[in-house]
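Notes follow once the structure below has been shown.
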2 protein chains.
Amino acid sequence: MEADQALLDELHHVYLFEELDDEQLTRVLRNSQRVSLPAKSLLFEAGQPADRFYLVHQGQIKLFSLSIDGDEKVMEILYPGNTFAEAIMFMQAKRYPVSAQALGDTVLYSFDMKGFRQILEESQQTCFRLMAGMSRRLHARINEISNLTLHNATYRLVVFLLEQIPEDAIELAEIHLSTPKSVIASRLSIQPETFSRILTRLSAAGLIEVKGNDISLLDVPGLRDLL
Amino acid sequence: MEADQALLDELHHVYLFEELDDEQLTRVLRNSQRVSLPAKSLLFEAGQPADRFYLVHQGQIKLFSLSIDGDEKVMEILYPGNTFAEAIMFMQAKRYPVSAQALGDTVLYSFDMKGFRQILEESQQTCFRLMAGMSRRLHARINEISNLTLHNATYRLVVFLLEQIPEDAIELAEIHLSTPKSVIASRLSIQPETFSRILTRLSAAGLIEVKGNDISLLDVPGLRDLL
DNA sequence: GCTAGGCTTTGACCCTGATCAATTCCCGAT
DNA sequence: ATCGGGAATTGATCAGGGTCAAAGCCTAGC
């Protein structure tokens, strides 16, 4: 792909590429591709051999895994600026551990793993950043596992709501869901029905107010108290 | 700590140190300490500032997290040769995300994170190995999350049993549990009672036979069929 | 404006696995 | 050999949340 300036600027804000000089960036771009995905199309499936990783430019990607009987668990939802599948560069078996699907119409850039590894060999800084990114993700997963095992559905949903607003918020806060509720439910390992019921319960308790995809947190301290 | 040959040999087989030359290894050892832990003693608690990572030399360490009301989830059990907490070297907030406790009497070596980062700056190979280790762990966590959310307790227990034996085993296989059943139960996010009941059920079905801490898998294909 | 199809919500019911409680088992210490 | 204490087992009960089914809503497209 050719290197126009807008794109270079965009990449400069991605943690993986932050430390690269223009020469290296250009090299990365040479092996990159722009990928346009219509809504609901699959990018890759779990188990497929992996030789490229991705950056979300526009839209949303969901990473999910399927059980044998077709149940779906959303592992992660990625937004513009996020990268994914870059950790696979270092796995023995270079296969995608999960499947990836576009939620809405989405535009990605894909990068060659082998080429990027070469860059890494030259840039200690980038190595360190990549490791930082990986350990952040690792930490996030550990957190998620404790949430799943130590707490119940209501707890997870409230945590999710509170994560959407600034830490210091005390007063009323507004949240807009840009992702279907059923996807968020799966992300939290809750059935859509249960998700809906919990929202209803929280509303009845006067803690939140739900209007379609907009949720007002009426009583933030009260929500925090639930945890 | 001083560098006797036996220890050097041991470190050479640890993935993090595999690629280091003797000079670097000696340097690592200079900032390392031998730590002896009596059974059940806490090494560190979640949230504590972290500046050292560890290698298990003898015994077993369990990594776990606690909910507010004291419920415990075992995240990982580490055996001799395993390292842990090394990913924290790259986290923004250098704090242990989980707590660590010795199961039996245990001997560890601890290493200075700052010192090891310097080594990493010199050894591309070691960086790559560390990244490989991190992505392996990341992958394992992702797997665990799908197990937790997509499958039930019996499934997880059977998966655990099958993981203990060679891939290609078809005939009868023997497993010895060197860790208390209750710890394994927590590792699988099952209550000890349920753990015991499932073992009983599998025995009744003629798939396994349990004698204290020894489990015989009588019908490996049958177990695989359960998945 | 109206219809169709996909989300979302609501209701009824059920099942897995958690909890509480009581034994029993196992092992090390006396 | 006996005792004591933690681990493991077993039984009874219960609740969170999953499943199935039906109805309600909303929006895109005609």
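In what follows, chains are A, B, ... by sequence order, proteins preceding strands, each numbered from 1.
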For this session: Please determine, for the side chain of A:Lys40, which listed nucleotide (C:dG17, C:dT9, C:dC7) has the closest atom?
Result: C:dC7
Seminar exercise, completed: Of the candidates C:dT9, D:dT10, C:dC7, the side chain of B:Thr200 sits closest to D:dT10
Exercise. How many Å lie between CD1 on B:Ile198 and C1' on D:dT10, as a whole number?
Worked result: 15 Å
Exercise. For the pair made of CG in A:Asp105 and P in D:dA28, what is the distance, rounded to whole Å?
Worked result: 13 Å
Exercise. To the nearest Å, how far apart are B:Tyr155 OH and C:dC15 C1'?
Worked result: 20 Å
Exercise. For the side chain to side chain contact (heavy atoms under 4.5 Å, CB included) test, which of B:Asp71, B:Leu148, B:Ile190, B:Val74 pairs with A:Thr149?
Worked result: B:Leu148
For this session: Find the distance B:His151:NE2 to C:dT16:P and express it as a whole number of Å.
Result: 16 Å
Exercise. Between D:dG18 atom P and B:Leu148 atom CG, what is the distance in whole Å?
Worked result: 14 Å
Exercise. Quick one: which of C:dT10, D:dT9, C:dC7 gets closest to the side chain of A:Glu193?
Worked result: C:dT10
Exercise. Between C:dT8, D:dT10, D:dT19, which nucleotide has the shortest distance from any of its atoms to the side chain of B:Arg197?
Worked result: D:dT10
Exercise. Does B:Arg137 make a cation-pi contact with B:Phe84 (under 6.0 Å, within 45 degrees of the axis)?
Worked result: no
Problem set entry | Centroid-centroid under 6.0 Å between B:Tyr54 and B:Tyr109 rings | no
Exercise. When you measure from the side chain of B:Lys181, which nucleotide among D:dA8, C:dT8, C:dA12 comes out closest?
Worked result: D:dA8
Problem set entry | Candidate nucleotides D:dA8, C:dT8, C:dA18, ranked by approach to the side chain of B:Thr194 - the nearest | C:dA18
Exercise. Nearest-Å distance, CG (A:Asn213) to P (C:dT9)?
Worked result: 9 Å
Exercise. Would A:Tyr79 and A:Gln58 count as having a side-chain donor-acceptor pair, cut-off 3.5 Å?
Worked result: no
Seminar exercise, completed: Atom CZ of A:Arg201 and atom P of C:dT10 are separated, to the nearest Å, by 12 Å
Exercise. Starting at CD of A:Gln191 and ending at P of C:dT16, how long is that distance when rounded to a whole Å?
Worked result: 15 Å
Exercise. Of the nucleotides D:dT10, C:dA18, D:dG17, which has the atom closest to the B:Ser196 side chain?
Worked result: D:dT10
For this session: Establish, yes or no, whether a centroid distance under 6.0 Å links the rings of A:Phe116 and A:Phe111.
Result: no
